[in-house]
Amino acid sequence: MTTIDLNSDLGENTPDRMVSDDTAMLEIVSSANVSCGFHAGSPEGIRTTLAAAVANGVTIGAHPGYRDYEGFGRRPMDLDSATLQAHVEYQLGALLGLTATVGGTVRYVKPHGALYNTIARDERQARDVVAAVKAIDPSLVLLGLAGGVVIDVAENAGLTAAAEAFADRAYTPGGELVSRAEPGAVLHDADAVAARMLRLAREGVVEAIDGTDVAVRADSICVHGDSAGAVQMGAATRALLEAEGIAIAPFAGAAA
């Protein structure tokens, strides 16, 4: 039986900026990428999401980003290596500590937003992020964009790496994500998204924005928690995959 992970970016809510329904998403996904506080979320909100993930048996991953709360971590930054590594280490340390307080374990790291996209193509920043992960806990799995530079950088450094595809994002013919500034970059039709992910799981392809097929090998599928219709897209994707005999299971091991 084919198996694939279903994840979502969570722990990003604050009272003045509610972006996702974490409670509902944690009943759908097998892995949760939980904000480390730099781009979104608050300590108390993050802790609540972590506790809910543990209660639902969802595997926990750290979701560090650029220090950019105002821009939700989606603005590119050209940080020097020492600064970037320290920022990622700081965020990982914070999330590992909070997770321990609720009886959970962090299994993997998925960088957020602009940092995620940058390390898919920028080898220097990819090395900085990988160095931070190794310094904190070399047993953590690094989750990155399928086909991205960071996958090779992580594996060459001795980390386990996993590749990710996006249910709710459009792809270029080259296998990159279409910029959010472009029309059609973010998808919202739950049935269409589910059908796209069924092709991904079965055939290893996703239809690009120009209608051509692009090869994408992925261990995990992401539905962004802050996308409009996220719960519906996640639920439809899981239901269709399971109906077609594809099991949903965490790529980084079961929750602890």
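These numbers were taken from a predicted model, which means no experiment stands behind them.
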Inset, instruction - Could you go through the side-chain contact (heavy atoms from CB on, under 4.5 Å) check for Leu200 and Ile221 one step at a time? - result: CA-CA 9 Å; Leu200 170 80; Ile221 294 169; 3.7 Å; yes
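- Across all their heavy atoms, Ala201 and Leu241 have their closest contact at CB-CD2, 4.1 Å.
- Distance CG/Asp22 to CG/Leu10: 4.5 Å, rounded to 0.5 Å.
- Arg169 CZ to Leu187 CG: the interatomic distance, rounded to the nearest 0.5 Å, is 8.5 Å.
- Between Gln125 atom CD and Asp128 atom CG the span is 6.5 Å, to the nearest 0.5 Å.
- Salt bridge present: Arg202 and Glu244 bring a charged side-chain N and a carboxylate O closer than 4.0 Å.
- Of the possible polar contacts, none joining the Asn56 side chain to the Glu27 backbone as a donor-acceptor pair under 3.5 Å is found.
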Legend entry - Worked check of side-chain contact (heavy atoms from CB on, under 4.5 Å) between Leu145 and Val150: CA-CA 8 Å; Leu145 183 67; Val150 70; over 6 Å; no
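- Criterion: ILVMFWY side-chain heavy atoms under 4.5 Å apart, direct or through other members. Under it, Ile46 and Val106 are part of a common hydrophobic cluster.
- At a threshold of 4.5 Å between non-hydrogen side-chain atoms, the residues Asn7 and Ser30 do not count as touching.
- Without hydrogens or angle criteria, Thr172 side chain to Glu176 main chain gives a donor-acceptor distance under 3.5 Å.
- Heavy atoms only, all atoms of each residue included: Gly253 and Thr59 are closest at O-OG1, 2.6 Å.
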Inset, instruction - Start with the C-alpha distance between Ser220 and Leu6, add both sets of side-chain angles, then the distance that settles side-chain contact (heavy atoms from CB on, under 4.5 Å), and finish with yes or no. - result: CA-CA 6 Å; Ser220 185; Leu6 189 61; over 6 Å; no
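- Here CZ of Arg124 is found 12.0 Å from CD1 of Ile119. Values are rounded to the nearest 0.5 Å.
- A cation-pi arrangement is absent between Arg74 and Tyr116 under the rule of less than 6.0 angstrom and at most 45 degrees off the ring axis.
- Placement of Tyr171 and Ile209 in two distinct hydrophobic clusters is found when ILVMFWY residues are connected by side-chain heavy-atom separations under 4.5 Å, directly or transitively.
- Between Val58 and Val29, some side-chain heavy-atom pair lies under the 4.5 Å cut-off.
- Judged by distance alone, the side chain of Thr101 and the main-chain N or O of Leu98 form a donor-acceptor pair under 3.5 Å.
- Taken to the nearest 0.5 Å, the CG atom of Leu198 stands 5.0 Å off from the CD1 atom of Ile246.
- Within a 6.0 Å sphere centred on CZ of Arg67, heavy atoms belonging to other residues, nucleotides or ligands number 12 at most.
- Put simply, Val153 and Leu159 are part of the same group of oily side chains (I, L, V, M, F, W, Y) that touch within less than 4.5 Å, one to the next.
- Side-chain contact between Ser31 and Tyr108 is present, with at least one heavy-atom pair separated by less than 4.5 Å.
- A donor-acceptor pair is defined here as one N or O able to donate and one able to accept, closer than 3.5 Å; no such pair exists between the side chain of Thr83 and the backbone of Leu79.
- Both Leu240 and Val206 belong to a common hydrophobic cluster when Ile, Leu, Val, Met, Phe, Trp and Tyr are linked at side-chain heavy-atom distances under 4.5 angstrom.
- A side-chain contact (heavy atoms from CB on, under 4.5 Å) with Val109 holds for exactly one of Ile136, Asn33, Leu140; it is Leu140.
- Ala53 approaches Ile60 most closely through the heavy-atom pair CB-CG1, 3.9 Å.
- Linking ILVMFWY residues whenever their side-chain heavy atoms come closer than 4.5 Å, directly or via other members, places Val216 and Met233 in the same cluster.
- No side-chain heavy atom of Gln232 sits under 4.5 Å from any side-chain heavy atom of His188.
- Using cut-offs of 30° and 60° on the angle between ring planes, the pair Phe72 and His112 is perpendicular.
- Here the closest heavy-atom approach between residue Val54 and residue Gly104 is recorded as CG2-CA, 3.7 Å.
- Leu177 contributes atom CG, which lies 5.5 Å from atom CG of Asn117 (distance to the nearest 0.5 angstrom).
- Under the 4.5 Å side-chain criterion, counting only non-hydrogen atoms from C-beta, Ile248 is in contact with Ile4.
- In terms of modelled atom types and a separation under 3.5 Å, the side chain of Ser8 and the main chain of Val223 share a donor-acceptor contact.
- In terms of modelled atom types and a separation under 3.5 Å, the side chain of Thr212 and the main chain of Ala208 share no donor-acceptor contact.
- Although no hydrogens or angles enter the test, the distance criterion places a donor-acceptor pair under 3.5 Å between the side chain of Ser35 and the main chain of Ala40.
- Within the 3.5 Å criterion, the main-chain N or O of Ser20 finds a donor-acceptor partner in the side chain of Asn13.
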Show every donor-acceptor pair shorter than 3.5 Å between a side-chain atom in residues 86-97 and any protein atom, with sequence neighbours excluded, or say none if there are none.
| from | atom 1 | to | atom 2 | distance (Å) |
| --- | --- | --- | --- | --- |
| Glu89 | OE2 | Gln85 | NE2 | 2.8 |
| Gln91 | OE1 | Gly65 | N | 3.0 |
| Gln91 | NE2 | Gly65 | O | 2.9 |
| Gln91 | NE2 | His87 | O | 3.1 |

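- With Arg199 contributing its side chain and Ala195 its backbone, the two residues share no donor-acceptor pair below 3.5 Å.
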Inset, instruction - Given side-chain contact (heavy atoms from CB on, under 4.5 Å), test Asp219 with Asp5 step by step and report yes or no. - result: CA-CA 6 Å; Asp219 306 294; Asp5 177 59; over 6 Å; no
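- When all heavy atoms are compared, the tightest approach of Val214 to Gly174 is CG2-C, 4.3 Å.
- Side-chain contact between Glu155 and Asp152 is present, with at least one heavy-atom pair separated by less than 4.5 Å.
- Between Tyr69 and Arg17 there is a side-chain heavy-atom pair separated by less than 4.5 Å.
- Here the closest heavy-atom approach between residue Asp168 and residue Ser227 is recorded as OD2-OG, 2.8 Å.
- Salt-bridge formation is not detected for the pair Arg196/Glu207: no Lys NZ or Arg NE/NH1/NH2 atom is positioned less than 4.0 Å from an Asp or Glu carboxylate oxygen.
- For the pair Lys134 (side chain) and Ala157 (backbone), a donor-acceptor distance under 3.5 Å is present.
- Side-chain atoms of Asp9 and Asp226, non-hydrogen and from C-beta on, never get closer than 4.5 Å to each other.
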Inset, instruction - Step by step, work out the salt bridge (Lys or Arg N to Asp or Glu O under 4.0 Å) result for Asp137 and Arg107. - result: CA-CA 10 Å; Asp137 183 350; Arg107 299 291 191 187; over 6 Å; no
